[in-house]
There are 4 protein chains.
Amino acid sequence: MSARRRDSASTAAARAERRAELLATAAEVFASRGYAVTTVREVAEAAGMLGGSLYYHFDSKESMVDEILSAFLTEMWAAYDRVLASGLGSRETFQALVAESFRMIDRHRPAVMIYQNESRYLSTSPRFSYLLDSQERFRQMWLELLDRGVLDGTFRVGLDTGVIYRFLRDTVWVAAGWYRSGGRLTADEIARQYLTMILDGILST
Amino acid sequence: MSARRRDSASTAAARAERRAELLATAAEVFASRGYAVTTVREVAEAAGMLGGSLYYHFDSKESMVDEILSAFLTEMWAAYDRVLASGLGSRETFQALVAESFRMIDRHRPAVMIYQNESRYLSTSPRFSYLLDSQERFRQMWLELLDRGVLDGTFRVGLDTGVIYRFLRDTVWVAAGWYRSGGRLTADEIARQYLTMILDGILST
Amino acid sequence: MSARRRDSASTAAARAERRAELLATAAEVFASRGYAVTTVREVAEAAGMLGGSLYYHFDSKESMVDEILSAFLTEMWAAYDRVLASGLGSRETFQALVAESFRMIDRHRPAVMIYQNESRYLSTSPRFSYLLDSQERFRQMWLELLDRGVLDGTFRVGLDTGVIYRFLRDTVWVAAGWYRSGGRLTADEIARQYLTMILDGILST
Amino acid sequence: MSARRRDSASTAAARAERRAELLATAAEVFASRGYAVTTVREVAEAAGMLGGSLYYHFDSKESMVDEILSAFLTEMWAAYDRVLASGLGSRETFQALVAESFRMIDRHRPAVMIYQNESRYLSTSPRFSYLLDSQERFRQMWLELLDRGVLDGTFRVGLDTGVIYRFLRDTVWVAAGWYRSGGRLTADEIARQYLTMILDGILST
DNA sequence: AATGAATGAGCATTCATTCAT
DNA sequence: CATGAATGAATGCTCATTCAT
């Protein structure tokens, strides 16, 4: 590897790292203030630069969220797919998916918040049709799991799985709104509380 | 009542009715597209008029959401207070509050969605400080109920009521995002499914 | 004269009277707030009616000022012409013109203020070209008088009549800004003070 | 001084200069058309840019007049204060104040016109309360001078100083409406004409 | 005569985006 | 890489004006 190539390699790596830093900053701002009402200037200021300078790194404000969300969804589905491929029973799969979800919140809180809060708005653009695809896949995953669990006797008969799915879908992610990494509870502890509530109910037995 | 008085009464009533109609339209648009990104022109178009015409009826875009949200919150707290004042046990109170919430969703779906989705953004303005007040009251209501229920043996010991409250808070309202009045399920049926899930868990016993 | 004709006559008179009332009100509002920034609604409210109702009486906001100003200018020039036609000497003419001016302020304060403050703005429209004509005539009247007075030994030699005229032009009318009919000083007393200042100077002799 | 510091200094200076240019342009437009009826687009066009671009330099249309007027008033009072502090007699003070005023007109004609024409309108906003303060100070300055001059025998006994002050106040500034720097007469010559008129009167003696 | 509701053009202002330096 | 100045489309809002009642 020539010096020149090493230079260009390290430059490319440095550039990728800078992009990642900027995206992390942007994600934080988008998450805390809302994508639509956040100005490019605000993102830039949080990154210590002026508004126009961001355009050296990114095509547009839209391409920033795009990158944030697609990176997140890629990682999320990789995690879910690992769980689904591991051949666990309904209950264990349920627990593993919920645990994975809270780990995603732990590691990608801003992205999760953006996904949760801005999907509806962003989906109106064809560029973000993958958000709808992801939601549909998410729906099928949970519905199949719930149906399987009812059939194999894991889950209560008589559940309206369509309704339950909807509650699960939203509930899993809303924790991103209040969870703080390094706070009183770890992601796994929160997952445990959540699983107890959903699986066993909150009534004393 | 003289003709003059009847006239002025019917005029005032007609005016109030028109306002209510327009607010209902505005609420629907705000709810489906998001308050911040909805333009006044869009609201007006949905109401069959031009942008400027709305200002004959309302002071500002802000005053529209204000009216929508405060009317909703007033009614919501009236319903909650009725439940709280009726001296039910923890479990019955829990059930009644959840049922009331789903009835609110049934009758004020757009307002609930706006409350759920836009509170964070709106709260940055002092005009909407009552949203924070309401949230705080909501928090205390549920925490007290959960704590009471744990003490009197209704709810499972070992619950982190802080965590459970947060899930409840969000979960109750997200249904506004998908519930359709007149759909397959009534509000009461959805409440029942939800209560089963939360109180008894979804595991078969 | 038939009853019908008398009716229509009295109706026409009543209408003219109403117009005059409304114009007086409009003049007052235009004068105190400024024509451009006064809304039709404000004028209407001052007249005890709603914005749209004024359009039963007048074609437009513009036609209101038009009527106010042309009525005023007509009367003003009638007064000036009477003075000019009476064959007085330079000094007496000067005094009489100034006295007439202050009487105009006394009787048509709002119109004078509008004339003074809004001429520049209104003159940009061809409809108000008569304002420029009036100003030009005013200029010639004073310049001729000053020149005549210098020639006949009444006024000081060495005066730059162009400059003096400009001061006179503005000074005569600005009193409209603070004069209050029925206040401490009558219009004639103010005219006397003004004439002393201009004719004899304020230095003690 | 390092290159870096010189750069930043020249940048800041360039920026200040640009602001000053734009303010001068804005002042001219506000003065000639009237502040309220001048649109931001007109100011921008006069500066060779588009409406929105002005907001890179200024917060609002209001902040532009604010800056124009407060800069003018600061300089005006500095000049007046120099005169007042120099211990001249009544007559010389009078002459010096008038001369200073015409020099202000010479150097800040647009600002003087805005001050003269728009004060009433702007004063309705608390932001411009300093305009009223300045007017009040102006009033006291002249009244004290007139009173002093009457007492020490400089000015004619029997003058209604309240009335004379009002004429002076307006008269001094209206020249801004027609004075053209570089025209036939210098500011000092106009001041001389004005002083002759006011002090000695226009009658031949 | 007057009302009340609506129109539509125009305004101040914001903001994503561009680009010469 | 980043700046700073500018663009231009879009937004909330105002207001003279119209018109059916």
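Heavy-atom basis, side chains included; hydrogens, waters and symmetry copies ignored. The chains referred to below are lettered A, B, ... by the order of the sequence lines, with proteins before strands, and numbering in each begins at 1. Source: prediction; values computed, not measured.
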* Short side-chain to backbone donor-acceptor contact, C:T124 and C:R120, under 3.5 Å -> no
* Spacing between A:L50 atom CG and F:dG4 atom C1', to the nearest angstrom -> 7 Å
* Could you tell me the separation between the CG atom of A:L22 and the P atom of F:dC1, rounded to a whole number of Å? => 10 Å
* To do: Taking B:S129 for its side chain and B:P126 for its backbone only, find out whether a donor-acceptor pair lies under 3.5 Å.
  => yes
* To do: Look at D:Y56 and F:dA5 and indicate whether a side-chain polar atom (N or O) is within less than 4.0 Å of OP1 or OP2.
  => yes
* **Nearest heavy atoms of C:F30 and C:V43, plus distance in Å** => CE2-CG2, 3.7 Å
* Base versus backbone protein contacts along nucleotides 16-21 of chain F [heavy-atom cut-off under 4.0 Å; B, S, -] -> SBB---
* Rounded to the nearest 0.5 Å, how far does CZ of C:R33 lie from CD of C:E28? -> 14.0 Å
* Roughly, in whole Å, what's the span from CG in C:L54 to P in F:dC15? -> 15 Å
* To do: Please report, rounded to the nearest Å, how far the P atom of E:dA12 is from the CG atom of D:D66.
  => 17 Å
* Report yes or no: does C:T25 contribute a side-chain atom to a donor-acceptor pair with the main-chain N or O of C:E21 at less than 3.5 Å? => yes
* Decide side chain to side chain contact (heavy atoms under 4.5 Å, CB included) for A:F58 and A:R19; before the verdict, give the C-alpha distance in whole Å, the side-chain angles of both, and the deciding distance to 0.1 Å. => CA-CA 8 Å; A:F58 302 98; A:R19 276 180 79 87; 3.6 Å; yes
* Asked: What integer distance in Å separates D:E45:CD from F:dA6:C1'?
  -> 16 Å
* To do: With DNA chain E as reference, determine whether C:G48 or B:M49 sits nearer its 5' end, using the nearest nucleotide of each.
  => C:G48
* **Whole-Å distance separating the CZ atom of B:F58 from the P atom of F:dG12** => 15 Å
* Could you run through DNA chain E and flag its stems, i.e. three or more consecutive Watson-Crick or G-U pairs with both distances under 3.5 Å? => E:2-21 with F:2-21
* Structure fact -> Between C:Y130 and C:D66 the two heavy atoms that sit nearest each other are OH-OD1, 2.6 Å
* Structure fact -> Rounded to whole Å, the CZ-P distance (A:R15 to F:dC1) equals 6 Å
* Taking the six-membered ring of C:Y55, is NZ or CZ of C:K61 closer than 6.0 Å to its centre and within 45° of its axis? -> no
* **Derivation and outcome, side chain to side chain contact (heavy atoms under 4.5 Å, CB included), residues C:R127 and C:L122** => CA-CA 8 Å; C:R127 175 173 197 168; C:L122 293 171; over 6 Å; no
* Between E:dA16 (P) and A:M64 (CE): distance, integer Å -> 9 Å
* To do: Using a cut-off of strictly less than 4.0 Å, decide whether D:H57 has a side-chain nitrogen or oxygen near OP1 or OP2 of F:dG4.
  => no
* Asked: Is any side-chain nitrogen or oxygen of B:R18 closer than 4.0 Å to OP1 or OP2 of E:dA6?
  -> yes
